[in-house]
Amino acid sequence: MGGSMISSFRSFRQDSSVLNQRVKPGTAKRMLAFAVPYRSLLVLFLFVVILDAAIGVVNPLIYRDIINNGMLKGNAPLIVKLALLVAGFGLLDAVFGLTQSYLSAKIGARIVLSLRTKLFEHIQQMPLAFFTRAQTGALVSRLNNDVSGARTAFTDILSNVIGNIITVVLILGAMFALSWRITLAGLVLIPLFVLPARFWGRKLQAITRESYNLNATMNSLMVERFNVAGAQLAKLFGRRQDENTEFKSKATRVSDIGVKSAVYGRLFFTAMMLMAMLATALAYGWGGVLAVKHTLDVGTVVALVSYLARLYVPLVGLSNIQVSVMTALVSFERVFEVLDLAPMIQEKPGAVPIPAGPATITFDHVSFRYPTASEVSLASLEAIAVPDKTPEKTVLYDISFTAEPGQLVALVGPSGAGKTTITQLVPRLYDVQSGSISVDGIDVRDAQLDSLHQCIGVVTQDAHLFHDTIRANLAYAKPDATDAELTEALRAAQILPLVSSLPKGVETLVGERGYRFSGGEKQRLAIARLLLKAPDIVILDEATAHLDSESEAAIQKALETALARRTSIVIAHRLSTILKADQILVVQDGRIVQRGTHAELLEEQGVYADLYQRQFASPEPSLEPAP
């Protein structure tokens, strides 16, 4: 009875507002499809549930025999035998209960593993545009809360709903066989059980919903203040006391709602126990009168009381069955919503690999616009769940150029001109709307994605490092890298002396987003990661932006070696870094407005010459390329 009461209590804490939601047709069928691979476990589970319910029906009948044929007839040996039988069945009941809990948990865990893995793999396939729009917290919530909610609801349906139905059917059958009059009287009391349960259930649902919201608000505050950037901002603006006051206010509300939840939970259990006592009083009162009149034996009265104690809790649990089922359907639908969002960037059937070796990159009359929200994302995953009506805007117009093997092609121009967008099209982070981009004559849309990404190495302006060791961050580019290869990559990136001076060397944790290192140090670690990968195509998005003059000179020397015999596209705001580029493309308003070498563009006059003059008002001879 205790386990059933706990299950019923948990089901009443589920949010009844799900009943107002509409789920897509076929959601239930898809939900059950995830359970099909575990049908043998489901059959075993149902068999155990039936056996467990049967024991619950048999025991009261044994109590009746103990009283009628043992106590009243003075048959001590029979009493001992039946008492031992009750103990044996009690032990079996405990075993079956544990087995039932284990099987339902295992089935739920298997389903969650399958669902969570499939969802993670699907999200990994989404294009970059998806991640620029979707909230990270919303995605994590789908993987954690919604998938776990689906598991909880699914296991509740298994252990609570199905188990309760079987238990109620068997108990009612036995009770009607013993005394249909007392059984009907007991059923009349059902509203006295259900109505208080539903009343306190609604209170619990409201409290639970408020508790989730308050916890989410408090957690959001902690996440924002405990990451490095948030902590730095809070310290720089000197609002520590205000932060403490705000957190204490939110934490106090969470604490208060916790107390209220505990009180309401206790009231729920108290109301259930009071109703059970009322039913027991009825059975003993009426049954006792019938026993005195010899129209009903004493053993049967005791058996009926025992049945009533087992009947009401499953009935109360079944009164909330709709919420349990809808909770499961809504949780699964939120997961299916993401699974049904097809990735914009997909590998074509029959895609061809890009061969290793020197590569030629060709942009052929490329025009591009960023995809709209409806094309790549879901409103429910974004900050504000409203349709994005921003008009489509083309950001690149008729871009054509070729980067030959061993060449360094530089992209320069004002911010927002489209330089980074051009580099993002090469590894196919986005697909073009018109024109084509090819690597060694293979359109990137016809190439195998793994081979395309394998031949390209990128270092961005804001190098990202995982919260892991230096070794793990470098090995992300080459998992089977040896210590010698790691050391050589660090040496070439001019950061080996720093790493060697650390107490733990390459086993040093870099911290969240690499914040334990300076901007220049992070950039050199990212360059070391690139060198370790040794790709055929290198893309540098202002990779030396965070370096001082001394480090920049060292890195430029390292990059000259790293870029040798490789096709390179470099975005540069500091023109001193691309004076020796084989081809400089000046991008403005999404168009290439000038192209040529440094000397040719200076002589030509125009945008490039203006940018150069602004950066070097007093030109230093040392900045000119060597003859």
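This chain uses plain numbering: 1 for the first residue, then up along the sequence. Just so it is clear, the structure is predicted and the values come from calculations on it, not from any experiment.
The distance from the CG atom of L84 to the CD1 atom of I62 is 11.0 Å, given to the nearest 0.5 Å. Rounding to the nearest 0.5 Å places CD1 of I345 at 9.5 Å from OH of Y430. The line from CG of L170 to CG of L311 is 11.5 Å long, rounded to the nearest 0.5 Å. The distance from atom CD1 of I66 to atom CG of L78, rounded to the nearest 0.5 Å, is 8.0 Å. Interatomic distance, CD1 of I171 versus CZ of F176, reported as 13.0 Å (0.5 Å rounding). The distance from atom CG of L115 to atom CZ of F336, rounded to the nearest 0.5 Å, is 6.0 Å.
Around the OH atom of Y102, the shell of radius 6.0 Å holds no more than 12 heavy atoms that belong to other residues, nucleotides or ligands. Shown here is Y38, whose OH atom has more than 12 heavy atoms of other residues, nucleotides or ligands within 6.0 Å. In the displayed structure, F47 atom CZ is contacted under 6.0 Å by at most 12 heavy atoms of other residues, nucleotides or ligands. Taking a 6.0 Å sphere around CG of N69, one finds it holds more than 12 heavy atoms contributed by other residues, nucleotides or ligands.
Salt bridge status for D340 with R30: present, with a side-chain N to carboxylate O gap under 4.0 Å.
Panel note: side chain E347, backbone Q448; no donor-acceptor pair is recorded below 3.5 Å. Between the side chain of H122 and the backbone N or O of V338, at least one donor-acceptor pair lies under 3.5 Å. In terms of modelled atom types and a separation under 3.5 Å, the side chain of T183 and the main chain of M175 share a donor-acceptor contact. Between the S249 side chain and the T245 main chain, no donor and acceptor come within less than 3.5 Å of each other. Distance alone, capped at 3.5 Å, places no donor-acceptor pair between the T117 side chain and the S114 backbone. At distances below 3.5 Å, not a single donor-acceptor pair connects side-chain atoms of R116 with backbone N or O atoms of L113. Y307 contributes a side-chain N or O that, together with a main-chain N or O of V57, makes up a donor-acceptor pair within less than 3.5 Å. In this structure, the side chain of S306 does not engage the main chain of V302 through any donor-acceptor pair within 3.5 Å. Side chain of N473 to backbone of L465: no donor-acceptor contact under 3.5 angstrom is found.
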For this session: Determine, stepwise, if the pair L103 / V48 fulfils side chain to side chain contact (heavy atoms under 4.5 Å, CB included).
Result: CA-CA 9 Å; L103 289 175; V48 171; 4.1 Å; yes

Problem set entry | CA sep, side-chain torsions, deciding dist, call: I182, L290, side chain to side chain contact (heavy atoms under 4.5 Å, CB included) | CA-CA 10 Å; I182 293 180; L290 294 177; 4.2 Å; yes

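Residues V305 and A283 come closest through the heavy atom pair CG2-CB, 3.5 Å. Nearest heavy atom pair, residue N68 against residue K73, reads O-CG, 3.6 Å. Pairing each heavy atom of F131 with each of I123, the nearest pair is CZ-O, 3.2 Å. Closest approach of R64 and G299 over heavy atoms only: CG-C, 3.2 Å. Summarising the geometry of A291 relative to V298, their closest heavy-atom pair is CB-CG2, 4.3 Å, with the distance given to 0.1 Å. Scanning both residues, N59 and G90, for their nearest heavy atoms gives ND2-N, 4.5 Å.
Here the side chains of P127 and L429 are not in contact, with every heavy-atom distance at 4.5 Å or above. Considering only heavy atoms from C-beta on, I67 stays 4.5 Å or farther from V301 through its side chain. Side chains of R181 and W286 form a contact here, defined as non-hydrogen atoms less than 4.5 Å apart. Side chains of Q100 and L51 form no contact here, defined as non-hydrogen atoms less than 4.5 Å apart. Using a 4.5 Å cut-off on side-chain heavy atoms (C-beta onward), T167 and R310 make no contact. Using a 4.5 Å heavy-atom threshold, the side chains of T280 and L308 count as separate. Annotation: side chain of L339 is in contact with side chain of K118 (closest heavy-atom distance under 4.5 Å). The shortest side-chain heavy-atom distance between M126 and L341 falls under the 4.5 Å cut-off.
In summary, of the residues considered (T252, V254, V259), a side chain to side chain contact (heavy atoms under 4.5 Å, CB included) with D256 occurs for T252 alone.
Remark: the T300 side chain and the D297 side chain contain an N/O donor-acceptor pair separated by less than 3.5 Å.
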